[in-house]
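Below you'll find the structure, written out as structure tokens, and then a few comments.
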2 protein chains.
Amino acid sequence: MRTRDRILETALRLFNEQGYGAVTTAALAAECGIAEGNLWYHFKTKHALLEALSERFAAMLEARLAMPASGDALEDYVQLLAVAMHEFRSFRFFFRDQPTYGEHSELVRARAPQWLERSFDQLEARLVALADSGLLDWPRERLRDLAINATIILRYGLEHYRELGVPTEAGSGTVRRTLERHLTLFEHRLTPAAAARLHGALAEIESAALAA
Amino acid sequence: MRTRDRILETALRLFNEQGYGAVTTAALAAECGIAEGNLWYHFKTKHALLEALSERFAAMLEARLAMPASGDALEDYVQLLAVAMHEFRSFRFFFRDQPTYGEHSELVRARAPQWLERSFDQLEARLVALADSGLLDWPRERLRDLAINATIILRYGLEHYRELGVPTEAGSGTVRRTLERHLTLFEHRLTPAAAARLHGALAEIESAALAA
DNA sequence: GCGATTCTAGGGTAAGAACCCTAAATACCG
DNA sequence: CGGTATTTAGGGTTCTTACCCTAGAATCGC
């Protein structure tokens, strides 16, 4: 792996764990196992790290929002869960720390609202597909609310479990717990086969998140 | 108002708005309209501010958890909403900024998990009362999940709306929005009169939060 | 009115943090 | 192999921040 990428991966991890402001450039360099001068070779300022991470985040998010539906409602839902959870987890400091940066990442700040609305749209469309396939019994006019509530739970699940004192590091099962938590919103309205499939998918999603 | 209290109220507001780490003691003093030396007269360190706020938070939270139910299921629910939302809003930086303090507020950290579990218990009991009164049609075995999901939405609603780019300062209607958001979880299973009462209570709750 | 408490103004310190600089060593790639 | 790119080590600067210190003024409360 190129050093520049290693720096970004490590910065992302530390920012998520400790918050942007609490991660010193000296600590980041040490965590990467490089001299601090090397960090400055690759990035002009600490903020440049943030900007680079913003671009990665934006690319990932846009890719997720552009994901086509295959037509298999259940598998499409599972795939969306996998991708969205990976993203929410991977870049959670962006939203949590927003008041902290001083100078905000303008890229993220400007687009967060529309990204979120499009996330609702996307999840709603997947839920509509489930309902239209007869896998989910839910009135059409309430699917939007379900999509929004599910998004909130998925988005904030990790924070929720941190608050609950449950370990949240990779491999701790928190992604799976978050997914299960969101399923409680509607699993009783799924067909038994669909519910079983979704539950079965949770371990796969967590494993995939670990491997990524 | 005594200066010490003014300092704490102002610190709380700024910490909520900007994050603990981003609020300098110089800015805090200026916002209070006092000389910085006066701040140090009242508080030995910045962290002492955090500890003092922790104690207030804990007292408020314990009082909320100890709230007796009057027996009127609907009014008890409304009252709990009012108190809990006020608390979630008033002390939101405590949870959001937890990775940022460096030295955590041990008081909050040690107790957050049990506070949260007891919050679930409390909300569940209120929902049970609604169901037992025939105001809410919801299977008993799923009321716990409803309580947890509602708590997450109430807890993180303000962050959610901030992410959505909706103004969140006092008076902006975000408390009301958050309350409405949580109602979408179960309002369709309330009796029409109960639903109307809860919706009607939202403006009251927001007004009360503003007056506080 | 007086002693105690609170507040001010203005100067200061130490530590930490982001980032700079430079020369030399090391690694990479065609 | 040689030129280029990357990395190191070690020294440094500037700015910011939390907090200190002091003497005197202002306020408070009995």
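In what follows, every chain begins at residue 1, and chains take the letters A, B, ... in the order their sequences are listed. Just so we're clear, the structure is a prediction, and the values are computed from it rather than from any experiment.
Of the inter-residue distances, the one linking R162(A) atom CZ with T174(A) atom OG1 reads 11.5 Å to the nearest 0.5 angstrom. Considering CD1 of I7(A) and CZ of R4(A), their distance stands at 8.5 Å, rounded to 0.5 Å. With rounding to the nearest 0.5 angstrom, the CZ atom of F43(A) is 5.0 Å from the CG atom of L49(A).
Listed by residue number, the members of residues 2-11 of chain B with any heavy atom below 4.0 angstrom from DNA chain C are T3(B).
Side-chain N/O atoms of E187(A) and H199(A) include a donor and acceptor closer than 3.5 Å. No hydrogens or angles considered: nothing links the side chains of H160(B) and R155(A) as a donor-acceptor pair under 3.5 Å. With 3.5 Å as the limit, one finds no donor-acceptor pair spanning the side chains of N38(B) and T3(B). With no hydrogens or angles considered, a side-chain donor-acceptor pair links E163(A) and Y156(B) at under 3.5 Å.
For dT8(C), one of the phosphate oxygens OP1 or OP2 lies less than 4.0 angstrom from a side-chain nitrogen or oxygen of N38(B).
Classification of the F186(A)-Y77(A) ring pair by plane angle, with boundaries at 30° and 60°, yields perpendicular.
Counting non-hydrogen atoms under 4.0 angstrom, I34(B) reaches the backbone sugars and phosphates but no base.
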>> side-chain contact (heavy atoms from CB on, under 4.5 Å), that's the test. Do L136(A) and L143(A) meet it? Break it down for me.
In response: CA-CA 10 Å; L136(A) 172 66; L143(A) 279 171; 4.1 Å; yes
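Between chain A and DNA chain D, the heavy-atom contact criterion of under 4.0 Å yields a 5' to 3' nucleotide range of dA5(D) to dT8(D).
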>> Counting primed atoms plus P, OP1 and OP2 as sugar-phosphate and everything else as base, spell out the protein contacts along nucleotides 9-30 of chain C at 4.0 Å heavy-atom distance: B, S or - for each nucleotide, 5' to 3'.
In response: --------SSBS----------
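Among F93(A), F94(A), F57(A), the one residue that satisfies the ring-ring contact (aromatic ring centres under 6.0 Å, His included) test with F15(A) is F93(A).
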